[in-house]
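Beneath this line is the structure, given in structure tokens, with notes to follow.
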Amino acid sequence: MTWGAKGSQDRARRVLVEAIAAYEGCEAEQQILRAHLTRLDEPLRIALAGKVKAGKSTLINALIGEEVAPTDAGECTMVTTWYRHGPAPRSRLIRADGDSLELPLTRRHGRLQHTLLGLTPQQVARIEVEWPSPMLQQVTLVDTPGIGSLTAEASRHTTDLLAAEATGRPVDAVIYLFKSRHADDLTMLQELRGGAVTDAAHAVATTIGVLSRADEVGGGRLDSLISAKDIATRHAEDPQMQALCSDVLPVAGLLAQGGRTLRQDDFDILAALARMERVDREAVLVSVGRFQDADAVGGTPQSRTALVARLGLFGVRLGTVLVRQGISRPGELADELARRSGLGMVERVIATQFTPRAAALTSLGAVSALERLLRVRPVPDAEALLAQCEAIRAGEYAPQEMRLLADVRQATVPGLDERRTAAALRLLGDQGVQPWRRLGLRETASADDVARAASESLAEWRALAADSWATQSTRRAARVLARACEELLDGLPVLSPPSGPPVAT
Ligand SMILES: Nc1nc2c(ncn2[C@@H]2O[C@H](COP(=O)(O)OP(=O)(O)OP(=O)(O)O)[C@@H](O)[C@H]2O)c(=O)[nH]1
Ligand SMILES: [Mg+2]
């Protein structure tokens, strides 16, 4: 179930069809518009972007739950790779000249191997991987070459994809990873998102910052993830960052990815470490080299090397602590590592903030692209088409809702007490998209109960929006929430009138 202004997708479809007719005879422009038209029915596209080695591919693997994205230094990390849902694994290479070639699917040590079939990254437009993963039913994930790659060409792939209209296939949202915030990350983010959509609020609402490789913050100490959370919160509160993305989340993708591929013999090494005397254990875990050489913990040097590559030294330390605390199975450990990695929060943002609003976001993306095209390549009907685009954008509150959801989560909206904060979060879909969930009712609530609760909620938010004692921010938030109630009411089935005595005819 999704929500968003009723019919904005239909209206986007209509304006695109009209525009295709207006560009009669201009094949390239029509092709771009047709691609946007098709895209209205496709899953949301989320790109993972950031500097070289920020941890993009590792996070994609953690989200998909399998090692499908290459994380080594190979040439495949220099091309854009799309991961979309398909009934069976399949991989295709799309050449820069438009031809597409089937790629062999081979795995090494459980990892999918990508190849460019002897082509250089410059000769490749993108790789498209189809994979039967539940996450990919919701969203298409786009892995981008690191910005600031060794070759300017690879960087340009990313900036083109995210900021320019050249491909006609832009993405709908961006997860931007940075290791620790540097001024140039801010500049890059600004450049990437600035050109992508016309409306700044839309750009911010569809961009999430990730403080990646969070386990490395604080030199891999056991409290690194806590320090990373504090740092991420400070970034999220920084006005410069707030102008670019709606939240900053700390994530240690390697922990989540590594945990999911842990085998029993890896677990046995952690269990052996857990049984050691503390001083001996600390001596072994002082460096990667020491751990690799530590025959006392069992396994072979190769298996220890593989384990530390899979989890990082921090992950090995944390895994050992968790085993000491009573975790006794690899699956249990994987779940706990994933939970601590911060992956769940990224999944939650995707599930509650992005995917329910997919229809609204793809419509707005198409409208932004059309507006840009009309300005760059005007046609006689441009003014009328631009007015239609403007009307679609003005009637769509999804970006404001998404931003508000992030702000309420971060507790930065003044004037909302605990009850109203909980009600606002629910209404914006934090707990799920069904109307009864959004109104804090039970699943068994009748249609009448749902309609009544929605009307009461609407009255309350409207009153707050009109309260002259409330601050501007509170009233603005209340307006967005009232609007969410209106849309919710609008989407409810028409109720039958209460049954009463038969009317005499
Ligand atoms: N400690 C730690 N290392 C990580 C984490 N995420 C990724 N790495 C490591 O960082 C290196 C780069 O990770 P990738 O996921 O390939 O990063 P990327 O951003 O896709 O890199 P490029 O595509 O080459 O720009 C790999 O050696 C990963 O194992 C993490 O959360 N913690
Ligand atoms: Mg990569």
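Bear in mind that the values here come from a model prediction, so they are computed numbers and not experimental data. Every number for a ligand or one of its atoms is a count from 1 in the order of the listing. As a basis for the values below, the full set of heavy atoms in this structure was taken, side chains included, without hydrogen atoms, waters or symmetry mates.
In terms of polar-atom proximity, Thr144 is not counted as a contact of ligand 1, lacking any N or O under 3.5 Å from an N or O of the ligand. Remark: ligand 1 and Pro145 share no N or O pair separated by less than 3.5 Å (distance only, no angle test). The shortest N/O to N/O separation between Asp143 and ligand 1 does not fall below 3.5 Å. Between Ala54 and ligand 1, a contact under 3.5 Å exists for at least one N or O pair. Checked against a 3.5 angstrom limit, the closest N/O atoms of Gly253 and ligand 1 fall inside it.
Which parts of ligand 1 touch Gly146 is read off a 4.0 Å heavy-atom cut-off, strictly below it: atoms 25 (O). Interface of Thr71 with ligand 1, defined as ligand atoms under 4.0 Å from a residue heavy atom, comprises 15 (O), 16 (O). Set against the non-hydrogen atoms of Val52, the atoms of ligand 1 under 4.0 Å away are 25 (O). Of all atoms in ligand 1, numbered sequentially from 1 with element shown, those under 4.0 Å from a heavy atom of Asp215 are 1 (N), 2 (C), 30 (C), 31 (O), 32 (N).
At least one N, O or S atom of Ser57 sits under 2.8 Å from the Mg ion (ligand 2).
With a heavy-atom cut-off of 4.0 Å, Glu216 touches ligand 1 through its side chain alone.
Residue Lys53 holds the heavy atom nearest to atom 12 (C) of ligand 1 of all those in Lys179, Arg310, Lys56, Lys53.
Using modelled atom types, one finds a donor on one side chain and an acceptor on the other under 3.5 Å when comparing Thr300 with Ser303. Arg403 and Gln400 are not linked by any side-chain donor-acceptor pair at a separation below 3.5 angstrom, with hydrogens and angles left out of the test. Side-chain contact check for Glu67 and Asn61: no donor-acceptor pair (N or O, by modelled atom type) lies under 3.5 Å. Checking Asp238 against Gln242 by side-chain atom types alone, no donor-acceptor pair falls below 3.5 Å.
A salt bridge links Asp172 with Arg39: the distance from a Lys NZ or Arg NE/NH1/NH2 to an Asp or Glu carboxylate oxygen falls below 4.0 Å.
Going from atom CD of Glu282 over to atom CZ of Arg290 covers 12.0 Å, rounded to the nearest 0.5 Å.
Side-chain N or O atoms of Arg304 include one that pairs as donor or acceptor with a backbone N or O of Gln292 at under 3.5 Å.
Between Val124 and Arg95 there is no side-chain heavy-atom pair separated by less than 4.5 Å.
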